[in-house]
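Take a look at the structure below.
As the structure is a computational prediction, the values presented were derived from the model and not from experiment. In what follows, every chain begins at residue 1, and chains take the letters A, B, ... in the order their sequences are listed.
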2 protein chains.
Amino acid sequence: MNQYIQPSASTASSRIYDTLRKDLVNGRFAAGEKLAINALKDQYQVGLSPLREALNKLAAYGLLLQENQRGFRVPTLSHRELDDIAQTRLSLEGMAFEQAIAHGDAAWEAELLAAEHRLKCADMTLDKDDEWERLHTQFHRTLVAPCGSVWLLRFIEQLHDQFDRYRRLGPKMPVIRQELDQQHHELVELALKRDVKAARKLLDEHIRKSYDVALQRFTQHGEGAPNKR
Amino acid sequence: MNQYIQPSASTASSRIYDTLRKDLVNGRFAAGEKLAINALKDQYQVGLSPLREALNKLAAYGLLLQENQRGFRVPTLSHRELDDIAQTRLSLEGMAFEQAIAHGDAAWEAELLAAEHRLKCADMTLDKDDEWERLHTQFHRTLVAPCGSVWLLRFIEQLHDQFDRYRRLGPKMPVIRQELDQQHHELVELALKRDVKAARKLLDEHIRKSYDVALQRFTQHGEGAPNKR
DNA sequence: GCCAGATAAATAATCGATTTTTTTAAATAT
DNA sequence: ATATTTAAAAAAATCGATTATTTATCTGGC
């Protein structure tokens, strides 16, 4: 009797998973922080069982650390790990982009243009970044979507979340933001022209520029981990 | 007062996770099968909560599919996905192996020799494959260990599990097994010689040969999914 | 005979309470 | 004062039962 078929009817567990994932990527929790499950339960108004199931999934996904008999904690941040994430993202996303350019069809081209336009518009009209972030993720997802490998896409998605955890802590830099937006446009152009070499090169630069922003967080406050606790 | 520090004291949840992961990779459950949680609970003698937490983790890891309100099922097998897994493994493991050869030190060389020797011995003395499989996984892990990227290693591990899910269904082929063992030896030799080009090429061949074995399962029974239900 | 709707059975998800383990605090001895 | 043991508090993990949802079965109308 459902009016519309639900893609996957939500459960308390899946809802709290989505919420926590977003909050973790957005840096709502301090790096290294131990999660107080009971507090979370009250904060998010959710039962213990669904909460624990979500935390388990997040740990398997890499957004939490789990230590037997002593719960969950937020992974610390380190210059070294940021390098790893950025470098791996460079490799995998670059690889996927090349494949996508080789295989993407007309529908993909249309999606690319649409995604870039949506992103550009959001940038102008909205003030709070939430929607922009969503569209930004969606844009990069579209770039590599027709690469042909489900597993590669899965890993890229995971790396994106990891990368964003660092990037969103970085300072707001309107100038660089504008440059990044410009690159988004050029990425689409090169993809449409099927210029694999140039496209890959630009994607590399794009990620590196983003990396520079994220890195500020570390060079500013000295080496090590800028954790609260 | 613990005599030895436990690396991470086991919990019911972590134990059932390990067990199920192994059983899933070993094809103990039919592809596409819906998991009857209550039956599992009795079979494995474990409570509902730890079991569900383990299933949630396995779903996030990619060894199970989770659909809200209708539980968990074992992913189906397909020629197409095997191709994807093999190809992605080829890319990532190849990349990691090259890096490992570039960065691996003397300790790594020692570990390599040790791992290959252990594998060779297990092959001769033991009849049941369980220990061989463990050592085989360990050998490949060692090959790429010093690649420098935690995330790459993580993905490779995941792909290995996925690949093995297919490989272990394939027929026993002693001749090919012997060829694969020979390649293990040669991989170590090339790694020690730091011959990146040749090493990568051989690893490619090695994975491809393994892939051929796994593929039998599909070409034998015709295209599609060789599922029970 | 076949389909829509209602009912019953089975299964998934969640809750509330209990048990186990770790962490913190206090007490005692060196 | 410092270290070691003991006791108390807090937190994590697990259990047993309840609730919600899906799946299977039945019924009457066409």
Side-chain angles (χ1 to χ4, degrees), chain A residues 1-21 24 29-30 32-61 63-75 227-229, chain B residues 1-21 24 29-30 32-61 63-75 227-229:
Chain A
M1 189 59 73
N2 297 354
Q3 281 195 287
Y4 301 105
I5 296 143
Q6 305 281 16
S8 186
S10 83
T11 61
S13 176
S14 72
R15 279 193 301 272
I16 188 63
Y17 173 84
D18 289 338
T19 305
L20 282 174
R21 174 178 155 176
L24 283 163
F29 300 94
E33 174 183 349
K34 165 113 176 274
L35 293 186
I37 297 193
N38 273 316
L40 287 185
K41 188 170 75 72
D42 299 339
Q43 261 190 259
Y44 289 94
Q45 288 290 317
V46 71
L48 196 61
S49 310
L51 177 56
R52 282 189 60 88
E53 291 189 4
L55 294 175
N56 271 281
K57 269 198 279 199
L58 287 164
Y61 185 70
L63 279 173
L64 284 178
L65 293 174
Q66 182 171 23
E67 209 179 344
N68 286 342
Q69 312 284 21
R70 54 199 64 161
F72 299 85
R73 59 176 55 246
V74 181
N227 312 327
K228 303 229 176 96
R229 175 85 286 260
Chain B
M1 189 56 70
N2 297 355
Q3 281 194 287
Y4 300 105
I5 297 143
Q6 305 282 14
S8 185
S10 83
T11 61
S13 176
S14 72
R15 279 193 301 274
I16 188 64
Y17 173 84
D18 290 338
T19 305
L20 282 174
R21 175 179 153 175
L24 283 164
F29 300 95
E33 176 183 349
K34 165 111 177 273
L35 292 187
I37 298 192
N38 274 318
L40 286 185
K41 187 171 77 73
D42 299 338
Q43 261 191 256
Y44 289 95
Q45 289 289 319
V46 71
L48 197 62
S49 311
L51 177 57
R52 282 190 60 89
E53 291 189 5
L55 293 175
N56 271 282
K57 269 198 279 198
L58 287 164
Y61 185 70
L63 279 173
L64 283 179
L65 293 175
Q66 182 171 23
E67 209 179 344
N68 285 342
Q69 311 285 18
R70 51 198 66 160
F72 300 85
R73 58 176 57 248
V74 181
N227 310 327
K228 302 231 180 95
R229 177 81 288 260

Euclidean distance, atom [atom1] of residue [X] to atom [atom2] of [N] [Å, nearest integer]:
X	N	atom1	atom2	answer
Leu35(B)	dA10(C)	CG	C1'	16 Å
Lys41(B)	dA13(C)	NZ	P	16 Å
Asn56(A)	dA13(C)	CG	P	15 Å
Asn68(B)	dT21(D)	CG	P	12 Å
Ile37(B)	dA13(C)	CD1	P	6 Å
Asn38(B)	dA12(C)	CG	C1'	9 Å

Rounded distance [0.5 Å steps], NZ in Lys57(A) versus CZ in Arg21(A) = 11.0 Å
Which heavy atom of [X] sits nearest a heavy atom of [Y], and at what distance?
X	Y	answer
Arg73(A)	Gly32(A)	NH1-O, 2.7 Å
Ser10(A)	Gln69(B)	O-NE2, 3.8 Å
Ala60(A)	Ala60(B)	CB-CB, 3.6 Å

Quick note, Ala9(A) side chain, CB onward, closest among dT22(D), dA12(C), dA13(D) is dT22(D)
Are Arg52(B) and Glu53(A) close enough for a salt bridge, meaning some N to O gap below 4.0 Å?
-> yes
Is the backbone of Ala9(A) close enough, under 3.5 Å, to the side chain of Asn68(B) for a donor and an acceptor to pair up by distance?
-> yes
Quick one: does Thr19(A)'s side chain have a donor or acceptor within less than 3.5 Å of a partner on Arg15(A)'s backbone?
-> yes
Touch class at under 4.0 angstrom, heavy-atom based, for Leu51(B) against every strand present | nothing
Throw together a table of side-chain donor-acceptor distances under 3.5 angstrom for residues 37-49 of chain B, partners on residues two or more places apart or in other chains.
residue, atom, partner, partner atom, Å
Tyr44(B), OH, Asp23(B), OD2, 2.7
Gln45(B), NE2, Asp42(B), O, 3.3

Between Arg70(A) and dT21(C), does any side-chain N or O lie under 4.0 Å from OP1 or OP2?
-> no
So, is Lys34(B) near the phosphate of dA12(C), with a side-chain N or O under 4.0 Å from OP1 or OP2?
-> yes
Degree of bending, the helix from dG1(C)-dC30(D) to dT30(C)-dA1(D) (end axes from five pairs; round to 10°) | 10°
What residue among Leu63(A), Leu65(A), Leu58(A), Leu64(A) forms side chain to side chain contact (heavy atoms under 4.5 Å, CB included) with Val74(A)?
-> Leu64(A)
Under 3.5 Å between N/O atoms: give me all the protein pairs with nucleotides 14-17 of chain D, atom names plus distance.
residue, atom, partner, partner atom, Å
dT14(D), OP1, Ala12(B), N, 2.3
dT14(D), OP2, Ser13(B), N, 3.4
dC15(D), OP2, Gly47(B), N, 3.2
dC15(D), N4, Ser49(B), OG, 3.1

